[in-house]
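Notes to accompany the following structure.
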2 protein chains.
Amino acid sequence: MGTKRMNGKRQDFSLTVDMVIFTVVDDTLNVLLVKRKYEPFAGIWALPGGFVEEDETPREAAERELLEEAGLSASYLEQLYTFGEPRRDPRGRVVSVAHFALVPASQLKIRAGDDAADARLFPVHNLPKLAFDHKDIIAYAVTRVGNKIQYTNVVWSLLPPAFTLSDIQAIYESIWGKKVDKRNFRKKLLSLGLLKPLSRERTGLRQRPAKLYAFKTKQFVELRRFF
Amino acid sequence: MGTKRMNGKRQDFSLTVDMVIFTVVDDTLNVLLVKRKYEPFAGIWALPGGFVEEDETPREAAERELLEEAGLSASYLEQLYTFGEPRRDPRGRVVSVAHFALVPASQLKIRAGDDAADARLFPVHNLPKLAFDHKDIIAYAVTRVGNKIQYTNVVWSLLPPAFTLSDIQAIYESIWGKKVDKRNFRKKLLSLGLLKPLSRERTGLRQRPAKLYAFKTKQFVELRRFF
DNA sequence: AGCGATTAGTGTACTTGATACACTATAGCA
DNA sequence: TGCTATAGTGTATCAAGTACACTAATCGCT
């Protein structure tokens, strides 16, 4: 590995991004993991990620990884935290700018990259043994998402383009881990004025058809309090 | 500068921390800036900061810089964001893990470091021309603090060990930029049960003496809503 | 000693938002 | 046609936020 000197300080760092890609499947929050093909931690599950290239910002690297591993570009993406424990990677000093993304399960196209033997979703509360400090990174991301949905509507990016009010409610219930009252939920949600009803309904299930909705705008809003 | 290769990716990065050190003086939120002694941006004001050493985490580097520049160790410190635009530093690829700190003005011991010609506080809404992307970093930090005080009590770390209720109120008013009702403010503040009254009062001013308070605990709490 | 200036300290009524709660409606399938 | 599953809807209560004005204590000055 190379070495650099600047103002007398020795610098010998690599910079990576690690991606915590969340989606909701069967009313459960899941994370995308890849099984590592090479050492260190060969055969162990890890977050998708990779090195930041010479001419990239960390965010661009994150978007590239998201496209490579999950097959999509449009979703909520946010820088999470930079993990820089000196010994977090046995190969040397590797600093990772962790990001998290929220994507609709319907748009996920999971692909195992070149350096991965496998890739699949795991429920956040039932994770396998993880490489590096990726357990810490996921725990931090889960906490951040849990806080974020308290005061923003970012979690809506987990939804497909058309959805029912019950779909949204199921997402909140799965992340919060508790049931909420249907009438109160709808009252609050509709009072925000951010949804528009579509003329279509979801049929084909043996039950009353549900009205479909879409977002008036894709912008995210900060709310003083959500629920 | 050196170069490193890992998995075929060329890596040639330096890692720094930049510190946004906030304090409140005369009911105004201020930031500590240093005047650069050397190129690039010699003579221009900049955030204090420096390189992350080989055996340090970014947080440890931030604590070290805080001690070197502001003369204190105990205060609120949080990682803000990692800035990694490829051309943000004309010397080469320098990635900065920005942190922000909240410190009581009474404990600030401003020292111009070796590489600084001067160091002083500036009101956040009256900043000089700044080096690098430090204007962006400060703007982001101000936004973060503004949001943070909505749902946590971290801003209390701007206060000295003993303070009056009016002191706290002045800090909130200075950050929010608006007056709040004294009775409502006190009602809410005391109902949190996080303060303990001291037996002392603040006298010597030509006015009614004010009761002094201290924190029962130095822990920070998340509140659903603060004011 | 008294007065003026300055900030400290205190309670209630109203408004707004959150919560608790149960029944009817519709489609698919047997 | 009736069984099952989920959609859809309103009201009453409770908790919290907001609006609002006067008296109290000390210091310094005359």
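Residue numbering restarts at 1 for every chain, and letters A, B, ... go by the order of the sequence lines.
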Separation of C/dG11 P from B/Phe185 CZ (nearest whole Å):
18 Å
Enumerate all atom pairs, one protein N or O and one N or O from nucleotides 7-11 of chain D, separated by less than 3.5 Å.
residue	atom	partner	partner atom	Å
D/dA7	OP1	A/Ser166	OG	2.8
D/dA7	OP2	A/Ser166	OG	2.8
D/dA7	N7	A/Lys182	NZ	3.3
D/dA7	N3	A/Arg208	NH1	3.3
D/dG8	OP1	A/Lys211	N	2.8
D/dG8	OP2	A/Arg186	NH1	3.2
D/dG8	N7	A/Lys182	NZ	2.6
D/dG8	O6	A/Lys182	NZ	3.3
D/dT11	O4	A/Lys187	NZ	2.9

Minimum heavy-atom separation for A/Tyr213 to A/Pro197, with atom names?
CD2-CA, 3.6 Å
What are the two closest heavy atoms between B/Pro160 and B/Ser106, and how far apart are they?
CB-OG, 3.7 Å
Do you know which of A/Leu47, A/Ile44, A/Ile138 makes side-chain contact (heavy atoms from CB on, under 4.5 Å) with A/Leu130?
A/Ile138
Rounded to whole Å, please give me the gap between CG in A/Leu205 and C1' in D/dC3.
17 Å
Distance, rounded to the nearest Å, where A/Lys178 contributes NZ and C/dA20 contributes P
9 Å
Identify the two heavy atoms, one from B/Ala170 and one from B/Asp27, that lie closest to each other, and give their separation to 0.1 Å.
CB-OD1, 3.6 Å
Taking OH from B/Tyr172 and P from D/dG17, how many angstroms apart are they, rounded to a whole number?
13 Å
Measure from NZ or CZ of B/Arg144 to the centre of the six-membered ring of B/Tyr140, then state whether that distance is under 6.0 Å and the direction lies within 45° of the axis.
no
Atom-to-atom span, CZ of B/Arg202 to P of C/dA8 - whole angstrom
8 Å
Write down the distance between CZ (B/Arg206) and C1' (C/dA8), rounded to a whole number of angstrom.
16 Å
Could you walk me through whether B/Leu80 and B/Ile137 pass the side-chain contact (heavy atoms from CB on, under 4.5 Å) test, one step at a time?
CA-CA 9 Å; B/Leu80 178 66; B/Ile137 297 177; 4.2 Å; yes
